[in-house]
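Notes to accompany the following structure.
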Amino acid sequence: MSFYNSSKIEKKWQAYWLENKTFKTAIDQEKPKYYILDMFPYPSGSGLHVGHPEGYTATDIIARYKRMKGFNVLHPIGWDAFGLPAEQYAVKTGTHPRITTERNIKRFREQLQMLGFSYDWDREVDTTDPDYYKWTQWIFLRLFERGLAYEDEQPVNWCPELGTVLANEEVIDGKSEVGGYPVIRRPMRQWVLKITAYADRLLEDLDDLEWPESTKEMQRNWIGKSIGAEVDFTVPDHDEKIRVFTTRPDTLFGATYMVLSPEHHLVDVITTDEQKAAILKYKEAAGQKSDLERQELSKEKTGVFTGAYAINPVNNKEIPIWIADYVLAHYGTGAIMAVPGEDERDWEFAEKFGLPIIRTVQPPDNFDGKAFTGDGPSINSDFLNGLFITDAKSKMNEWLEENGVGNRSVNYKLRDWLFSRQRYWGEPFPIIHVDGKPKAVPEKDLPVTLPEVEKFQPTKSGEPPLAQAKSWVETTDPETGKKALRETNTMPQWAGSCWYYLRYISPEFDGGPVDQEQEKYWMPVDLYVGGSEHSVLHLLYARFWHKVLYDCGVVSTREPFKKLVHQGMILGEMEYTAYELDGKIISSEEALENNGIKKIPLSEREIEKKGDRFVMKGTEISVDAKAHKMSKSRGNVINPDDVVNNYGADSLRLYEMFMGPLEQVKPWSTKGVEGVNRFLNRAWRLFFGEGELEKFNINNDEPTKDQLKVLHEAIKKVTEDIENMRFNTAISALMIFVNEANNWGEGVPKAVAETFVLLLSPFAPHIAEELWDRLGYSNTLAYEMWPVYNEDYLKSESVEMAVQINGKVRANISVPSDKITDKEFVIGLAKQQKNIQRYIDGTTLIKEIYVPGRILNIVVK
RNA sequence: GCGAGAGUGGCGGAAUUGGUAGACGCGCCAGAUUUAGGAUCUGGUACCUUUACCGGUGUGGGGGUUCGAGUCCCCCCUCUCGUACCA
């Protein structure tokens, strides 16, 4: 029995590829290009997990395939290496983050090379390298110049545990995304990027992208464009007006009260003396609530009357002004006109506090709900009466503009991007403060490198670690010679990943972030693969920077990533769990409602399926059957190193692609890895027969017709499936070929074997290179021509077809290929079948439907 | 609530424009080989009925269109992901 020695073969070819720089990107611009990009990893201390090789194998298969199809392929990798874990480790141990980062990068690089990915290793980028972040800073200066980066004192998400401010996107349920620590709101001086200036373009350009619809939709929701109007309400005895944003100007006659957010700047101005105490109390309570608490308590509406009234401009009626935390300070103008008749939230509030409700849209007769949000004719609305929503809106907008009390307006959920962090391990801002004003560091002085510091910890007050480096902070303005202070905040981790795909194009270029001549050739990225967790943040930020660079003339495309695919998460192995309470096994439904439950893991042999649930074998006690997310605490993490040691990199690659469609969430199965490993062994034995060690099984015979048919079916299927990223079925086609070829007995003709090796090579490149070598070639197969199938070989002598009577299959017939279009012949053949006769006898023929090569359906009565 | 996606054997999953449901792999069963186990090889494996043939049922549930529906249309159920008072 001969087994192929995966570890020996894989090490050999990995060394060969590195030494010969097999995958160095050619710069021959005559050839068509293909830029295929992986989301670069954060090099964490725990190394690769099995999720990484999933997307990386998919892109590697396509990269290898495209090279063989004659494309110039750009397939790079790098390191998103700034970030919190290395810094937290530094705080704990005093180890400089650079040391940790270098160590982790080395490990990641080795692991990626161990999996045989065909990256061009001469194009590695590292966001923490000053030669890289020089250009991150350079891009920041472009933003600064254009007024797209500004300083602002604003309430921010301050996380005391992490000692830093977080972007809204990094706060989940009131806790930090990293670590899950509490987050409070607190005003601080911050750098902010004006992404809102690009909101419309970010929205519109989504339409032409070949991205998953769900991702585009998420970005649209995040940008949250809504069209409506702003309306000014006057407050008697005050000069100030209260401006509100509404998407329903048509309902203005139904505005029976107003609500300001507790943080609104006019609250203190308008509140009457009698209400001051109550308002103050409410504001304090709201201020102390975290976002999480606001959400939890949101089931019940709360609010306090300010004692003041506003004038509804359409009818000059006085309406009371309240404050309530269901109105958000940071959306629209932080104030609303409340129309309970047409808004569910306002209805709920009005009902609770006994405020008047006026309907302004006629609900249908059978309507028995509360607020009516549907369309209908306007009522109680003077000059709008009878108009449906769309017309009523435009008429009201005209009225508002004519009377100078409002205007059409567009609002976005998207807010400007909070861009500074009080951390050490990030890009320093290329900014100095002179006379208290921010000023750009001249381009020739870039990069502004990180200073050495004693401690990596931020101070309690929020002073960043860089502030300790006095000699670094205190500098002079090169222009005026005045004293100047360096900015001590650093950029967030997103900065480096906003443009790394450009640096790969010309990693050594020193005239700008990217060599424009090369950029024109390589951009846009043809295929970008990475996790859906980056659907909004990274992908929106990168698009924003790209558009700014486009406006600066640095890049030639409006969008960076033409096609995007998300790989699905890989879960742990399927787990079966029974529950025990007080020594008794109870069903999984009961277990939900009890405390003190003991979980008992079961093997597959101990359970069986009953109906649509799993039960313990021979009982009615249902158990849980579920694959969980991999996590250290659950102990179900699969380490790619172990898989490679046991089965080899080719098996890991093959298995991850064979599990199912790339985009799908799917559970791991070690048995499944063994399955594809067996396939590779069977493929190997096609070349080196059983019995005698390494007896070469390849002959120089002419391939037979049958052999060519089997081979060309594989070529066709594998080619089409790679093009459509259906790797699981491509591998199944390779398996079918091997299963067939194993029955050939006499050995495999060389011409057939060679083609098979080429087909296998994108999936399992190490074993393929070894077989190619043993077939007598001294060069890598990486640039061999991809096989092309020949339609003639696919034809067979006869076609198996089903014959149906009234749509049910009653017989199978074999029709000679040259008779396939002869309907009469086929019907004649079918009617000779005994079973068909049985069904036809004594009936009347209604019709005969014949789809050549597919089916014959005889309809009888 | 809202938005998006998905429900097919014991499991992961296949199935061109509607045309033989369950490819391929795992698991399981039987056999071969082996002192035994493992590994490997061969055959079988949706369910019911049957020695076998024949037959019946079957793609979450219910209707519909069609000669023919996993696929198209309508209603309902379940699950996953995202989102959450955005005026």
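Just so we're clear, the structure is a prediction, and the values are computed from it rather than from any experiment. Sequence lines set the chain letters: A, B, ... in the order given, protein chains first and strands last, and positions in each chain run from 1.
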Review point. In whole Å, what is the span from the CH2 atom of A/W668 to the P atom of B/rG12?
Key: 16 Å
Exercise for review: Go through the side-chain N and O atoms of A/Y282 and A/T302 and say whether any donor and acceptor fall under 3.5 Å apart.
Suggested key: yes
Point to revise | Chi-based syn or anti call at B/rG9, which uses purine or pyrimidine torsion atoms and a 90° bound | key: syn
Exercise for review: Using the P atom as the reference point in each nucleotide, state the distance between B/rC53 and B/rU35 in Å, no decimals.
Suggested key: 38 Å
Check your understanding: Does A/Q804 have a side-chain nitrogen or oxygen under 4.0 Å from the phosphate oxygens OP1 or OP2 of B/rU20?
Key -> no
Exercise for review: Calculate the interatomic distance between A/I855 atom CD1 and B/rA15 atom C1'; express it in whole Å.
Suggested key: 14 Å
Check your understanding: Mapping A/F245 and A/R726 to their closest nucleotides on RNA chain B, which lands nearer the 5' end?
Key -> A/R726
Review point. Do any side-chain nitrogens or oxygens of A/N411 fall under 4.0 Å of OP1 or OP2 in B/rA87?
Key: no
Exercise for review: Taking only the side-chain heavy atoms of A/K808 (C-beta and beyond), determine which of B/rU20, B/rU57, B/rC24 contains the nearest atom.
Suggested key: B/rU57
Review point. To the nearest angstrom, how far is A/N742 atom CG from B/rU40 atom C1'?
Key: 12 Å
Practice item. Name the closest nucleotide to the A/K847 side chain, picking from B/rG25, B/rU40, B/rC67. Key: B/rC67
Review point. Taking the C1' atom of each, how far is B/rC28 from B/rG9, in whole Å?
Key: 12 Å
Exercise for review: Round to a whole Å and report the spacing from CE of A/M569 to P of B/rG12.
Suggested key: 16 Å
**Study point:** d(CG, A/D343; C1', B/rG1) in whole Å
**Key:** 14 Å
Review point. When the P atoms of B/rG58 and B/rA39 are considered, how many whole Å apart are they?
Key: 39 Å
**Study point:** A/I849 or A/N835, whichever maps to the more 5' nucleotide of RNA chain B
**Key:** A/N835
Check your understanding: Any luck finding a side-chain donor-acceptor pair between A/N681 and A/R678 under 3.5 Å?
Key -> no
Check your understanding: Strictly by modelled atom types, are A/E573 and A/T670 linked by a side-chain donor-acceptor pair under 3.5 Å?
Key -> yes
Study note, to complete from the structure: Here RNA chain B, pairs taken as Watson-Crick or G-U under 3.5 Å and shown with ( ), [ ] when crossing and | when to another strand, reads (((((((..(((......[....)))((((((.......))))))(((......)))..(((((..]....))))))))))))....
Check your understanding: Just by distance, with hydrogens left out, do A/Y647 and A/E674 show a side-chain donor and acceptor under 3.5 Å apart?
Key -> yes
Point to revise | Shortest side-chain distance from A/P661, nucleotide among B/rA14, B/rA87, B/rG25 | key: B/rA14
Revision key, fill the gap. To the nearest angstrom, the CZ-C1' distance between A/F737 and B/rC24 comes to 16 Å
Review point. Hey, is the side chain of A/N739 poking within less than 4.0 Å of OP1 or OP2 on B/rG25, counting only N and O atoms?
Key: yes
Practice item. Would you check if there is a donor-acceptor pair between the side chains of A/D416 and A/T196 at a distance under 3.5 Å? Key: yes
Exercise for review: Look at the aromatic rings of A/F737 and A/F756 and report parallel, tilted or perpendicular, splitting at 30° and 60°.
Suggested key: parallel
Review point. Can you say whether the rings of A/W668 and A/Y655 are parallel (under 30°), tilted (30 to 60°) or perpendicular (over 60°)?
Key: perpendicular
Exercise for review: Ignoring backbone atoms, test whether A/S226 places a side-chain nitrogen or oxygen under 4.0 Å from the OP1 or OP2 oxygen of B/rA87.
Suggested key: yes
Practice item. With P as the reference atom in both, quote the distance from B/rC11 to B/rG60 in angstrom, rounded to an integer. Key: 13 Å
**Study point:** N/O (side chain, A/R685) to phosphate O (OP1/OP2, B/rC41) under 4.0 Å
**Key:** yes
Practice item. In plain terms, say whether A/D343 and A/R248 are close enough for a salt bridge, that is, a side-chain N and a carboxylate O under 4.0 Å apart. Key: no
Check your understanding: Does A/R810 put a side-chain nitrogen or oxygen below 4.0 Å from OP1 or OP2 of B/rG56?
Key -> yes
Practice item. May I ask you to decide if the ring planes of A/F353 and A/F349 are parallel, tilted or perpendicular, using 30° and 60° as cut-offs? Key: tilted
Revision key, fill the gap. In whole angstroms, the gap separating P of B/rU83 from NZ of A/K413 amounts to 11 Å
Exercise for review: Would you tell me if any nitrogen or oxygen in the side chain of A/Y655 comes within less than 4.0 Å of OP1 or OP2 on B/rC24?
Suggested key: no
Review point. Is a donor-acceptor pair below 3.5 Å formed from side chain A/K671 to base B/rC11, judging by atom type as modelled?
Key: no
Check your understanding: Does a distance-only test, which skips hydrogens and angles, find a donor-acceptor pair under 3.5 Å between the side chain of A/N812 and the base of B/rU20?
Key -> yes
Review point. How many Å lie between CG on A/N221 and C1' on B/rC2, as a whole number?
Key: 9 Å
Exercise for review: Give a yes/no answer on whether the side chain of A/R220 brings an N or O atom under 4.0 Å of OP1 or OP2 in B/rC2.
Suggested key: no
Exercise for review: Can you check whether any acceptor in the base of B/rU17 is under 3.5 Å from a donor in the side chain of A/R854, or vice versa?
Suggested key: yes
